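Working notes, structure below.
By convention here, the first residue in the shown sequence is residue 1. What you see is a predicted model; the values in this text were computed from it and never measured.
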Amino acid sequence: MRRMVPSDALKVWLYAAAAVWFGTWTSPLLYNFGKAIAEVCENKQTVGLIEWLAGMCRAADFPAFFKAAIWMVAAGLFYPFLRSLSGGWMVWQNGLQKNPNSLRHLAMGFLSVAVGFLFLIATTILIKGHGQKIPLDFLTKISLGAIAGALTWATLQEVIYQGLVLGIFLRSMPRPAALALAAVFFAMTHFLEPPVGVNVVDPDAAGVGFELLGKLFHPSPSIGTWILSWIPLVGLGGFLAYARCATRSLALPIGIHAGWIFANHFSMMLSGRPLQQGWPALIGIIYTGFIVFRITRSHHVHTPSSSEV
């Protein structure tokens, strides 16, 4: 099959840049709109959906609206982006095959990563001697919902990251370069998640969205902390891309990513910190790489020739 022209890989970056720029620009507008809804609906009886939306807007700070604006713009530009691709939207299936071990890979990826990260989180909390105490019955009740949410969100992301984006990169450049770019793309887009404590002084100030964007990518408070936040995301993106290529399936990447999302959910609940911050995150990513290589080592698939990819 003929390789895609490199312009498709460029379109991926242009699409991401457009979503970030327009989302950042419109985030103050979304913030003011959301707060207006919350103010209008306050102390008024409304239907359930509007009341829920007003409550969400009332409780959200500017970083939440910033993230929502980028996602909304990305969703709005997604269809034109797909239409612009020379390979069509089915390019996300590039190089994928039916995997008879898909359920096993999904379960192994999820359980291995979730349990490993939760052990690291618990160990860190015990060593530091702090963290929010949550009743065991509450954890049991939310676990099933958290697992379902993690699997759903991971499936959506992996279809985009390891299906569509990596599929385009694999057809536009050699495999090592495609894996490296896929890891960087994964890290850069996930770095747009404003961490706890990062906010703006005045949400109504001019250009406040770009102020927050600058804070996310500025090496602060120290270059070491900034780098330590980047490395786990790049590593995770690289391992997910490798798992996709090694198994020629999305099952293992979905399982690993869902386990990471699930553990990150509890990390925020118990310690107030996301998984990509600090040394435990680096240890966890190394452990994730070990899991990926152990699972994929025994998975043999047909390796296509260059004409097939």
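Looking only at side-chain heavy atoms (C-beta outward), Ile256 and Thr288 come within less than 4.5 Å of each other. Residues Leu250 and Thr155 have side chains not in contact (no heavy-atom distance under 4.5 Å, counting atoms from C-beta outward). Within the 4.5 Å cutoff, side-chain heavy atoms of Val292 are placed close to those of Thr296. Side-chain contact between Val208 and Val201: absent, with no pair of heavy atoms (C-beta onward) separated by less than 4.5 Å. Between Val113 and Phe262 there is no side-chain heavy-atom pair separated by less than 4.5 Å. When side chains are defined from C-beta on, Phe78 counts as touching Leu164, because their heavy atoms get closer than 4.5 Å. Side-chain contact between Val184 and Met188: present, with at least one pair of heavy atoms (C-beta onward) separated by less than 4.5 Å.
Applying the salt bridge (charged side-chain N to carboxylate O under 4.0 Å, His left out) rule to Glu39 yields no partners; only residues at least two apart in sequence or on another chain are considered. Partners of Lys67 according to the salt bridge (charged side-chain N to carboxylate O under 4.0 Å, His left out) rule, which considers only residues two or more places apart in sequence or in another chain, are Glu193.
The NE2 atom of His105 lies 11.0 Å from the OG atom of Ser112; values are rounded to the nearest 0.5 Å. Cys41 contributes atom SG, which lies 7.0 Å from atom CD1 of Ile37 (distance to the nearest 0.5 angstrom). Between Thr24 atom OG1 and Leu212 atom CG the span is 8.0 Å, to the nearest 0.5 Å. Atom CD of Gln157 and atom OG1 of Thr152 lie 11.5 Å apart (nearest 0.5 Å). Within the model, atoms OG of Ser84 and CG of Leu77 stand 10.5 Å from one another, a figure rounded to the nearest 0.5 Å. Distance check: Leu96 CG to Ser249 OG gives 7.0 Å after rounding to the nearest 0.5 Å.
Neither Val115 nor Phe239 shares a network with the other; the hydrophobic side chains, linked directly or stepwise wherever heavy atoms of I, L, V, M, F, W or Y lie under 4.5 Å apart, form separate groups for each. Note: the hydrophobic cluster containing Met72 does not contain Leu29 (ILVMFWY, side chain heavy atoms under 4.5 Å, direct or indirect links). Hydrophobic clustering of Ile, Leu, Val, Met, Phe, Trp and Tyr side chains at less than 4.5 Å, counting indirect connections, keeps Ile295 apart from Leu103. Clustering ILVMFWY residues whenever any of their side-chain heavy atoms sit less than 4.5 angstrom apart, transitively, puts Phe210 in the very cluster that holds Val20. Cluster membership for Leu156 and Leu252, using ILVMFWY side-chain heavy atoms within less than 4.5 angstrom, is shared.
When atom types are taken as modelled, the side chain of Tyr31 and the backbone of Gly209 share no donor-acceptor pair closer than 3.5 angstrom. Lys11 places no side-chain N or O within 3.5 Å of a backbone atom of Phe81 that could act as its donor or acceptor partner. Of the possible donor and acceptor atoms, one in the side chain of Arg244 sits under 3.5 Å from a partner among the backbone N and O of Gln162. Counting only distance, with no hydrogens or angles, the side chain of Ser172 and the backbone of Phe169 share no donor-acceptor pair below 3.5 Å.
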Evaluate the criterion side chain to side chain contact (heavy atoms under 4.5 Å, CB included) for residue pair Lys35 and Phe65; output intermediate values, then yes/no. CA-CA 10 Å; Lys35 292 303 180 182; Phe65 286 97; 4.0 Å; yes
What's the verdict on side chain to side chain contact (heavy atoms under 4.5 Å, CB included) for Asp8 and Arg171, showing C-alpha distance, side-chain angles and the deciding distance? CA-CA 9 Å; Asp8 275 349; Arg171 287 202 170 189; over 6 Å; no
Residues Leu85, Ile168; criterion side chain to side chain contact (heavy atoms under 4.5 Å, CB included); working and verdict: CA-CA 9 Å; Leu85 297 175; Ile168 291 173; 3.8 Å; yes
List the steps, then state whether side chain to side chain contact (heavy atoms under 4.5 Å, CB included) holds for Phe290 with Ile286. CA-CA 6 Å; Phe290 172 76; Ile286 294 173; 5.9 Å; no
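Using a 30° and 60° split on the angle between ring planes, Phe293 and Tyr242 fall in the tilted class, from 30° to 60°. Ring orientation note: the planes of Trp25 and Phe22 are nearly perpendicular, at an angle over 60° on the 30°/60° scale. Taking the six-membered ring where the residue is Trp, Phe217 and Trp230 present tilted rings, their angle falling between 30° and 60°. Ring pair Tyr161/Phe186 is perpendicular by interplanar angle, where above 60° counts as perpendicular and below 30° as parallel.
Scanning all heavy atoms of the two residues, the minimum distance from Phe185 to Ala16 falls at CE1-CB, 3.7 Å. Residues Cys57 and Gly34 share a closest heavy-atom pair of CB-O, 3.2 Å. Listed here is the closest heavy atom pair of Phe191 and Leu216: CE2-O, 2.8 Å. The two residues Val234 and Ala187 make their nearest non-hydrogen contact at CG2-CB, 3.5 Å. The two residues Leu118 and Ala263 have their closest heavy-atom pair at CD2-CA, 4.1 Å. Nearest heavy-atom pair, Ala38 versus Ala54, reported as atom, atom and distance to 0.1 Å: CB-O, 3.6 Å.
The environment of Leu111 atom CG is dense: over 12 non-hydrogen atoms of other residues, nucleotides or ligands sit within 6.0 angstrom. Counting non-hydrogen atoms of neighbouring residues, nucleotides and ligands closer than 6.0 angstrom, the CZ atom of Phe119 reaches no more than 12 such neighbours.
Two rings, from Trp153 and Trp260, have their centers 6.0 Å or more apart.
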